[in-house]
Amino acid sequence: MDSDLDWTLLRAFLAVAEAGSLSGAARALQQSQPTLGRHIRTLEAKTGGPLFERHARGLTLSDLGQSLLPGAQAMQAGAKQIELAAAGEDMRAAGPVRITASVYISVYLLPPILAGLRQSDPEIELELVPSDRSENLLFHEADIALRMYRPEQLDMITRKLGDLPLGFYATPDYLARRGTPKGFHELKDHDVVGYDRDDRILKGFRAAGFEVSRDWFSTRTDNQVAYWELTCAGAGIGLGQMAVGARDPRVRQILQDAALPALPVWLTAHEHLRHTPRVARVWDALSAGLRPLLS
């Protein structure tokens, strides 16, 4: 095996191992597929054998690839720690700040806050990553994360901003057709928009004494934006964040006395980055912009 291994080659190897295909890895690294293929072939020449085996569903690691994986991952973690430490020493007020939040919050809550930040601090470049998966701040996939749970990773600075209260909503047309339920128990006589594979709504109804199954929900989706748009289109009664529902003229809130859980909102950044000028400015803007919407 050639002892002079270029980190660029190992980075390509890790991306293919994670994506399971050259095309997926090329998208993740924002490189062309032929370039990535050359990197893999060069690394195979240096290591003395094939690193992947081709199957109907894509690429899987060969025995040699499996043996290289832990060391390559350790090198990646070390490189990311160096990157974070260097970023933490960057005292410029100008430059990019990458924010990740759920798709729903990215679509319905953050745009006016970020638009205001662009006016007040035009030297800051904003990168918004709408995602319902947990981006790894340790690997600098984002500078700031908004979470509906408290992150448990070490080396993080975390602040709870408050809670997003939930309510039931329906369109005036739906209520005109089906009537307005006077109490929680009357929801059994209505169309309710539910989740598909996510069982949180099911658990909520069961906790309230409604022994319903997934099939009871006449319309189902796990995508939060699609869920809200289905509610606003009149597909049935749906749950929504009150901060969003209060500003959406397409729906009315019903069952205001229903006891519903609230969603906690946590703001998180890596300790190396939290107090750099531009990250601190975005952190403060997010805190100030979201706080009026929280309970």
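Throughout, residue positions are numbered sequentially from 1 according to the sequence presented. Bear in mind the structure is a predicted one, so any value in this text is a computation, not a measurement.
Residues L43 and L10 form a side-chain contact, since some pair of their non-hydrogen atoms from C-beta on lies under 4.5 Å apart. Looking at heavy atoms from C-beta onward, L239 lies out of side-chain contact with T231 at the 4.5 angstrom threshold. Residues L9 and K46 have side chains in contact (heavy-atom distance under 4.5 Å, counting atoms from C-beta outward). Under the 4.5 Å side-chain criterion, counting only non-hydrogen atoms from C-beta, Q66 is not in contact with S62. Side-chain contact between R159 and T268 is absent, with no heavy-atom pair separated by less than 4.5 Å. Two residues are said to be in side-chain contact when any heavy atoms from C-beta on lie closer than 4.5 Å; W228 and V107 fail this criterion. Contact check for L260 versus P165: no side-chain heavy atoms found under the 4.5 Å cut-off.
No continuous path of hydrophobic side-chain contacts links M148 to W266 [ILVMFWY only; heavy atoms under 4.5 Å].
Enclosure of atom CG in D215 by more than 12 non-hydrogen atoms of other residues, nucleotides or ligands within 6.0 angstrom is indicated. Within 6.0 Å of atom CD in Q253, more than 12 heavy atoms from other residues, nucleotides or ligands are found, so the atom counts as buried in its surroundings. Atom CD of Q256 has more than 12 neighbouring heavy atoms from other residues, nucleotides or ligands inside a 6.0 Å radius. Summarising the local packing, CZ of R150 is surrounded by 12 or fewer heavy atoms from other residues, nucleotides or ligands at distances under 6.0 Å.
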Check step by step if side-chain contact (heavy atoms from CB on, under 4.5 Å) holds for F168 and L187.
CA-CA 10 Å; F168 283 110; L187 286 175; 3.8 Å; yes

Take L290 and I113, measure what side-chain contact (heavy atoms from CB on, under 4.5 Å) needs, and give me the verdict at the end.
CA-CA 8 Å; L290 289 169; I113 298 172; 3.9 Å; yes

Kindly determine whether S21 and L59 satisfy side-chain contact (heavy atoms from CB on, under 4.5 Å), including the steps that lead there.
CA-CA 6 Å; S21 69; L59 300 174; 5.5 Å; no

Verify side-chain contact (heavy atoms from CB on, under 4.5 Å) between E53 and H55, making sure each step is shown before the conclusion.
CA-CA 7 Å; E53 297 175 354; H55 296 277; 3.8 Å; yes

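Residues L29 and A15 share a closest heavy-atom pair of CD1-CB, 3.6 Å. Here the closest heavy-atom approach between residue D143 and residue P96 is recorded as OD2-O, 4.1 Å. What you find for I237 and P181 is that their closest heavy atoms are CD1-CG, 3.9 Å. The shortest non-hydrogen separation linking G48 to L64 is C-CD2, 4.4 Å. Between G289 and P292 the shortest heavy-atom distance is O-CD, 3.5 Å. A101 approaches S106 most closely through the heavy-atom pair O-OG, 3.4 Å.
Annotation: the span from R38 atom CZ to Q33 atom CD amounts to 11.5 Å, rounded to 0.5 Å. Taken from CG in D248 to SG in C232, the straight-line distance is 4.0 Å, to the nearest 0.5 Å. Atom-to-atom distance recorded for L110:CG and L128:CG is 6.0 Å, nearest 0.5 angstrom. To the nearest 0.5 Å, atoms NE2 (H185) and CG (L255) are separated by 10.0 Å. Atom OG1 of T60 and atom CG of L51 lie 11.5 Å apart (nearest 0.5 Å). For the atom pair NZ of K160 and CG of L267, the computed distance is 13.5 Å after rounding to the nearest 0.5 Å.
Taking the six-membered ring for Trp and the full ring otherwise, the centers of H190 and Y174 sit less than 6.0 Å from each other. Checked against the 6.0 Å centroid criterion, the rings of F52 and F13 qualify as a close aromatic pair.
In this structure, the side chain of Y104 does not engage the main chain of L109 through any donor-acceptor pair within 3.5 Å. A donor-acceptor pair under 3.5 Å links the side-chain atoms of T100 to the main chain of V129, judged by distance alone. Using modelled atom types, one side-chain atom of R206 and one backbone atom of V212 make a donor-acceptor pair closer than 3.5 Å. The backbone N or O of G162 lies less than 3.5 Å from no partner atom in the side chain of R291, so there is not a single donor-acceptor pair. When atom types are taken as modelled, the side chain of T219 and the backbone of V193 share no donor-acceptor pair closer than 3.5 angstrom. Here the side chain of T221 pairs a donor or acceptor atom with the backbone of N223 at under 3.5 angstrom. Not one N or O on the side chain of R118 forms a donor-acceptor pair closer than 3.5 Å with the backbone of L126. Judged by distance alone, the side chain of D132 and the main-chain N or O of V103 form a donor-acceptor pair under 3.5 Å. Within the 3.5 Å criterion, the main-chain N or O of L14 finds no donor-acceptor partner in the side chain of E18. With R252 contributing its side chain and Y169 its backbone, the two residues share no donor-acceptor pair below 3.5 Å.
Using a cutoff of 4.0 Å between basic side-chain nitrogens and carboxylate oxygens, D196 and R214 are scored as salt-bridged. Checked for salt-bridge contact, R281 and D121 meet the test: a charged N lies under 4.0 Å from a carboxylate O. A salt bridge is defined here as a Lys NZ or Arg NE, NH1 or NH2 lying under 4.0 Å from an Asp or Glu carboxylate O, and R250 with E229 meets this definition.
Considering I99, L161, V265, L117 as possible partners of L286, the one that fulfils the side-chain contact (heavy atoms from CB on, under 4.5 Å) test is I99. Test D163, L294, L166 against L263 for side-chain contact (heavy atoms from CB on, under 4.5 Å) and you get one pass: L166.
Using a 30° and 60° split on the angle between ring planes, Y227 and Y195 fall in the perpendicular class, above 60°.
Side-chain polar atoms of T8 and R11 form no donor-acceptor pair below 3.5 angstrom.
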